[in-house]
Each structure stands twice: as C-alpha cells, then as structure tokens.
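In what follows, every chain begins at residue 1, and chains take the letters A, B, ... in the order their sequences are listed. None of the values given here were measured: they were computed from a predicted structure.
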2 protein chains.
Amino acid sequence: MASSMLDRLKAGGKKLTKPRKAILAVLEQSPLPITAADVHDRLKAQRKPADLVTVYRNLAMLQELGLVNTVGLHDGQMRYEVRHGREHHHHIQCRGCGKIVDLMLCPIKKLTALVEAKTKFAVDSHTLEFFGWCPQCR
Amino acid sequence: MASSMLDRLKAGGKKLTKPRKAILAVLEQSPLPITAADVHDRLKAQRKPADLVTVYRNLAMLQELGLVNTVGLHDGQMRYEVRHGREHHHHIQCRGCGKIVDLMLCPIKKLTALVEAKTKFAVDSHTLEFFGWCPQCR
DNA sequence: GTGTTACATGCAAGTCACTTGCAATTGTAA
DNA sequence: TTACAATTGCAAGTGACTTGCATGTAACAC
Ligand SMILES: [Mn+2]
Ligand SMILES: [Mn+2]
Ligand SMILES: [Zn+2]
Ligand SMILES: [Zn+2]
C-alpha cells in the first residue's frame, strides 16, 4: 500500500484492521472502478472475507479521506477507484457488455471558468461519463 | 402539449389517459429536471393525483419514446425533463441548496471523435454534470 | 505482557428509490 | 355500443445502501 495512504489513515485516527487492509489491497489491485459487491466478491475469492457492510463503511471512509474516487455510471451502483496520485480523468462504458475503459483526459478544466462566469456558481467538481459500444459488442 | 408529442404517443400505440395528460402537463410546466416524487407531489397539488407507480411507468415510457431526458445527479434519484426540441445540454447543481441551473452548452461534441479514436468504442452518449455552490450558498 | 479504550466489525433490521404481479378500469376504434 | 388492448392503483417485491447494537480488536500506555 502506498505510504501516503497509511499516513492519511493514521492522520484520520483510523486503525489498520485485517478487513481494512484486505479491502485496500483489492482496490489497489483494480485498475478500473469496481462496485462494493465486486470488492466483497474478491475478498471472498482471496479467502479474506469481510461483511458487505464493512466494505461499504470502508469505502465511505476512504472517500471522505479523499483516497478513493467514486464513479457513477447510472446503473444503480456506485463504483470506486483508488486515487493514488493518478490524475483526474473520466471513463467510457460499453452498453453491451458493461466494459469500462479509463479515459486519461479531462476536457472540462478549461470550461470551468466559463461555467462560473455564466452561472455565478463556484464550481468545485464535475462528472463526465461516456457510453457506447465496444469493438466486441459493436 | 406539443403536437409532436401527441404524434409520437399515437405512433407508439399509447392512449391519452387522464393521469398521463396530467403527468405530461407537469413535465411541460417544469423548466428544470424533476424527480418522479416531484411529479407525484405536483399532481396532488393540482388536484389530479396519480399513483407514484403510474408516474414511474409513464416516465419510463416517455424516455423510451425519446420525449424526455434523464438527468442523474448521483443523489439517489433520477430527474426528468421534456426534450421538446430543446438542444442537448447539461446542468449544474448547488451542493448547498440543491438548486439546478441549465447550462445551454455542450463542450463534448467535438471530443467524441477523439474518444472513439482512442478507445475504438462507438460513442453514443455522455453525461456531464457540474457541482458547486450557488451565490446564495457560497 | 496486561489493561484500557476508542475504533471497527458482523449480524439483523431498516430505508428508499424503483419495479413487478394482478385484478379492475378506461381509452380507442370498429 | 361493444370489444379489447392499454393503463391504472394497490400490494408486494427488489436491490443498493444505511443504521443500531453487541462483540471484537488495533493501538498505545504502562
Ligand atoms: Mn479510472
Ligand atoms: Mn435541462
Ligand atoms: Zn473532468
Ligand atoms: Zn453533452
């Protein structure tokens, strides 16, 4: 686990329990955002089962500490990915098979100032997701 | 109601029932996307109550016919707005009061070709939502 | 090591948006 | 007016996620 993560956890008064370490390991092993149920399944597969509610509570905590990002693809479940120094980016999901691919780009940054000027809001974040058909499902 | 809507409904073999007309009226009177519960509440306020499940079924049907857009703001409820010839656009929501404002712009169209080239997906849609603080909540 | 304690876990039950089954109703068109 | 498919309302079901609470355990001080 990245030591910055350990530091952030310690700074937040968090304990390094066995389930928590396993959850963090699962997240770090996943290059793409995964659901709480995914995490739960992979924990069981790795013979380190933890209750689903423990997964949810840890994901919420990690999000509060800014260690994971949430990705909402409007299919009824949130997905989570470790931040881990990776740049802000977006995703595309296939409508056929559900495959998700990272898009290492954000076309929005330049637009924030324009949106702020138009709306007088102070913009602090945005979500941008693409949907379509992957080569196999086309 | 816009006559194109009537045409699309008729073409889809849909009946113009009393609840359905009231639901369409509520949607047409709302300049911003609203939830199924909002529609339900406004129907009651207008003395034309309809069951919440009827609202949900009509919203799903209208979406299938392409007469309404869905807007997902990741707060656990979908929102709906009539398409009604308005251009594709996006929204910004205040984290304080929940206020939603239309952004009559889409900076993404030009990007679709780039995303398709990078991923080999056939992109057919995207979602883009902004979050921040409105002037009153700042 | 032992003890202390705040944090964390697991189970059960609860919530909330949304969906489904089904019998009764209604719009539409012959 | 009749006939029938579409639609409605109510009740029950689903699924993701949350909360209450008793038990467990990491962390830190002796
Ligand atoms: Mn990603
Ligand atoms: Mn809008
Ligand atoms: Zn971005
Ligand atoms: Zn757009």
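Here C/dA12 presents its P atom at 9 Å from CG of A/Asp51, a figure rounded to the nearest Å. Remark: P of C/dA8 and CD of A/Glu64 are 11 Å apart, rounded to the nearest angstrom. As a whole-Å value, the separation of A/Met61 CE from D/dT18 C1' is 17 Å. Put simply, CG on B/Asp41 is 11 Å from P on C/dA17, counting in whole angstrom units. Put simply, CG on B/Leu59 is 15 Å from C1' on D/dT7, counting in whole angstrom units. Between B/His40 atom NE2 and C/dC16 atom C1' there is a gap of 15 Å when expressed in whole angstrom units. Distance, B/Lys48 NZ to D/dT8 P: 15 Å, rounded to whole Å. Distance A/Tyr80 OH to D/dA16 P: 12 Å, rounded to the nearest Å.
A 6.0 Å sphere centred on CZ of B/Arg83 holds no more than 12 heavy atoms belonging to other residues, nucleotides or ligands. Atom NZ of A/Lys48 sits in a sparse spot, with 12 or fewer heavy atoms from other residues, nucleotides or ligands closer than 6.0 Å.
The nearest pair of heavy atoms linking B/Cys106 to B/Lys109 is SG-N, 3.9 Å. In this structure, B/Met104 and B/Glu87 approach most closely via the heavy-atom pair CE-O, 4.5 Å.
Ring centroid separation for the pair A/His74 and B/His74 comes in under the 6.0 Å cut-off. The distance between the ring centers of B/His126 and A/His91 does not fall below 6.0 angstrom.
Taking only side-chain nitrogens and oxygens, B/Arg20 never comes nearer than 4.0 Å to OP1 or OP2 of D/dA6.
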Sequence-aligned protein contact record of nucleotides 19-30 of chain C, with B where the base is within under 4.0 Å of a protein heavy atom and S where only the sugar-phosphate is: BBB----BBS--
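Here the side chains of B/Ile100 and B/Pro33 are in contact, with some heavy-atom distance below 4.5 Å. Looking at heavy atoms from C-beta onward, B/Val71 lies out of side-chain contact with B/Leu32 at the 4.5 angstrom threshold.
Taking 4.0 Å as the cut-off between side-chain N and carboxylate O, B/Arg79 and B/Asp38 do not count as a salt-bridged pair.
Contacts between residues 68-78 of chain A and DNA chain D, defined by a heavy-atom separation below 4.0 Å, involve A/Gly76, A/Gln77, A/Met78, listed by number.
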